[in-house]
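All values below were derived from every heavy atom in this structure, side-chain atoms included, with hydrogens, water molecules and symmetry-related copies excluded. In what follows, chains carry the letters A, B, and so on, assigned in the order in which the sequence lines appear, proteins first and then strands, with residues in each chain numbered from 1.
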There are 2 protein chains.
Amino acid sequence: MSTRRATISDVAREAGVSVSTASVVFSGKTPTSEATRARVITAAEKLGYTGPDPRAASLRRGRSGIVGVVFDQHLGTAFQDPVTTHMMDGLAEGVSRLGAALLLLRDDGETISEPSLHTAPIDAAVLIGCNTRLRDSLEIVRARGIPVVVVEGDAGSDIPRVLLDNVEAQREAARHLADLGHRDVVIVTLPLDAQRRRGWLGSDDEARVDVTVDRLSGARQVFPHAPALAAAGSSIDEGAIAGRTIFADPERRPTAVIAQSDLLAAGVIRAAEEAGLEVPRDVSVTGFDGIVVDGLAPHVLTTLVQPATAKGRAAGEAVASMLEGSRPAGLDLTCAFRAGTTTAPPRTT
Amino acid sequence: MSTRRATISDVAREAGVSVSTASVVFSGKTPTSEATRARVITAAEKLGYTGPDPRAASLRRGRSGIVGVVFDQHLGTAFQDPVTTHMMDGLAEGVSRLGAALLLLRDDGETISEPSLHTAPIDAAVLIGCNTRLRDSLEIVRARGIPVVVVEGDAGSDIPRVLLDNVEAQREAARHLADLGHRDVVIVTLPLDAQRRRGWLGSDDEARVDVTVDRLSGARQVFPHAPALAAAGSSIDEGAIAGRTIFADPERRPTAVIAQSDLLAAGVIRAAEEAGLEVPRDVSVTGFDGIVVDGLAPHVLTTLVQPATAKGRAAGEAVASMLEGSRPAGLDLTCAFRAGTTTAPPRTT
DNA sequence: TTGTAAGCGTTATCAA
DNA sequence: TTGATAACGCTTACAA
């Protein structure tokens with residue numbers, strides 16, 4: 001078994017046809033007679049040839065059929081967020097018209113090993129996560145001349161991007177709370193930057209991640225002076241940590257909490273209940289994302305439902321059309337406000 | 001801007017050296033004088049050459065630096081399970097010594113679009129999920145002569161695989177319940193096959209997925225006649241659905257439930273509480289996986305802690321060593337029993 | 001419908 | 001330390 005794998009020219013020789021004919025039989029790009037086709041197939045089977053070597057084909061064609069998805073954190077961490085997994089689902093679907101597969105790439109600043117963003121055989125890239133590191137990744141990809149789409153991040157005007165109306169959506173939720181009569185509100189934010197420091201914000205400028213910044217600014221339009229507390233990630237446990245901080249002092253409890261994600265909101269609710277508070281009677285809580293939080297029942301979160309799958313699909317389709325030569329405009333997706341059972345007027349004491 | 005991208009020979013010409021010299025400057029595989037090196041780098045920068053084209057390099061080298069990960073379900077669904085995401089994390093780490101990236105591939109039986117398992121430029125493959133479809137995927141990959149590792153599935157003796165001691169581990173949990181005095185037990189299983197039908201099992205033979213089969217058989221060694229109820233997936237909600245079925249009839253409530261995953265167990269617990277039962281006083285529940293179930297507190301699940309990340313890492317390392325020429329033996333990982341607060345002796349009525 | 005021939009951009013080998 | 005040259009395996013004008 002030390003013989004090398006059969007190539008298309010082996011098959012052609014065996015079938016008694018030229019290589020180009022054999023090639024065409026496999027690609028189907030040119031009609032062939034049934035007889036030669038059969039001969040080629042038979043020869044291929046005999047030699048154990050399973051089809052063109054994708055490496056050679058991609059060199060020749062100038063396409064690999066692979067789209068890189070770039071994360072700025074551990075894959076495990078990224079996938080722990082349902083929004084990300086839904087987006088991946090949509091992305092997979094979106095690039096499928098291209099027949100492309102997704103290559104997981106992590107941009108951790110200094111990748112020693114290959115293939116990194118520098119060397120991966122990708123036809124296009126989708127950048128996710130969108131913090132400050134995004135710029136570097138973007139630079140690498142652009143230098144390589146690879147089409148790129150950015151999801152929820154500011155990439156400069158000439159890069160197609162898929163955006164959410166984070167500012168407006170979050171403002172709507174804040175407005176909802178204000179309309180209910182809340183004045184004493186605390187904001188729980190997503191991570192501020194790659195450091196993921198927990199704690200109260202001294203200034204809104206500390207937030208560097210676009211999503212965080214935008215949602216914060218939306219809330220600020222209604223509650224300019226509400227204290228903001230940063231979480232280190234988007235999870236129920238992080239929300240609970242923030243919630244415990246918020247509800248620690250009975251004297252200074254807010255009447256409502258604006259959480260920048262549903263997972264955070266679920267954690268805040270849990271912390272509230274631990275502190276003996278009833279939601280929404282004692283404290284109202286809003287989330288963001290509109291995901292199904294496994295384990296939150298019977299509460300129905302008041303939240304902004306974002307089209308996570310659509311976001312991924314849009315990114316995938318944008319990539320597909322760039323590869324087909326057009327320059328897609330960015331796409332702005334909108335979130336839908338959903339009133340749930342976790343908000344109510346503040347208790348009048 | 002209509003000029004094609006610069007190639008290494010453009011760079012060589014610009015720098016006044018041969019292509020082979022330019023090539024080694026980039027690969028670093030052969031020493032070069034500092035002077036030529038600098039000339040080449042300068043020329044590359046001037047021409048906007050960002051390094052060798054990965055497609056050409058991979059053709060020449062016979063390696064793409066990509067490892068395919070094959071799922072048998074929607075990516076979104078697969079990633080909803082923390083065990084999978086942890087495994088992906090480990091996998092990413094395991095292949096990193098190879099410097100490989102992960103290509104997400106879905107084997108949905110009949111992939112029309114490319115690149116599929118048939119055509120993706122992968123150096124090796126890791127098969128996950130392990131149901132009946134596994135066989136087909138395996139066949140495809142083997143025909144291509146690509147090294148493959150199977151995670152938690154029976155692939156025939158000559159395929160390296162990473163296995164868990166599902167049978168023994170589950171038996172240990174069952175034994176724990178029996179030792180506590182439980183006799184009236186119900187088993188909630190993971191999906192039986194690709195159909196994912198919910199409901200009571202007529203016969204254990206209905207289970208086709210290896211993990212399900214093994215965990216069932218472990219429980220059977222202690223409780224040969226316990227009724228088994230199949231869930232349609234591994235989630236809290238699926239567990240709750242099963243739990244509601246189990247606790248529907250107050251006359252026939254078991255004193256303990258063996259759930260084949262932690263998520264299912266969490267759902268069963270929720271259903272029990274909905275039915276006015278207290279865990280573990282009225283009913284004991286065991287899980288499997290040892291993941292952190294966001295939202296389960298204050299309960300600590302009695303469960304089998306599986307090394308999910310290690311499983312992925314082992315698979316990645318196995319792939320790496322196969323690519324380096326050796327034939328790794330399969331690896332058997334063991335689960336650790338963890339007694340939590342969700343099991344207790346049955347209530348003596 | 002089939003064949004000829006020219007690359008695709010690299011890297012490995014070997015000689016200088 | 002550098003250079004000439006031959007693959008790597010395939011696809012696609014273009015010609016027959």
Let me know the distance between [atom1] of [X] and [atom2] of [N], rounded to the nearest Å.
X	N	atom1	atom2	value
A/K29	C/dT2	NZ	P	19 Å
B/R144	D/dG9	CZ	P	14 Å
A/E34	C/dT2	CD	P	10 Å
B/R13	C/dT10	CZ	C1'	15 Å
A/R55	C/dT11	CZ	P	14 Å
A/L59	C/dG7	CG	P	14 Å
B/R63	C/dG9	CZ	P	24 Å
A/L47	D/dG9	CG	P	14 Å

For [X], report the nucleic acid contact type (base, sugar-phosphate, nothing); a contact means any heavy atom under 4.0 Å.
X	value
A/F26	nothing
B/S20	base
A/S23	base
A/V17	sugar-phosphate
B/T36	sugar-phosphate

From the list [options], which nucleotide is the closest neighbour of the side chain of [X]?
X	options	result
B/A56	C/dT11, D/dG9, C/dT10	C/dT10
A/T21	C/dT2, C/dA12, D/dG3	C/dT2
A/R61	D/dT12, D/dA4, C/dT11	D/dT12

- Can you tell me if B/D123 uses its side chain to pair, donor with acceptor, with the backbone of B/R63 under 3.5 Å? no
- Item | Toward the 5' end of DNA chain C, by each residue's nearest nucleotide, B/R60 or A/P31 | A/P31
- Message: What I want to check is whether the side chains of B/D89 and B/T309 have a donor and an acceptor closer together than 3.5 Å.
- Response: no
- Query: Regarding B/S23 and B/S20, is there a side-chain donor-to-acceptor distance under 3.5 Å anywhere?
  - Reply: no
- Task: Decide if atom CZ of A/R313 counts as having more than 12 heavy atoms of other residues, nucleotides or ligands within a radius under 6.0 Å.
- Result: yes
- Does a side-chain heavy-atom distance below 4.5 Å link B/R5 with B/D10? no
- Message: With a 4.0 Å limit, can you tell me whether A/S18 has a side-chain N or O closer than that to the phosphate oxygens OP1/OP2 of C/dG3?
- Response: yes
- Side-chain N or O of B/S33 closer than 4.0 Å to phosphate OP1/OP2 of D/dT2: yes
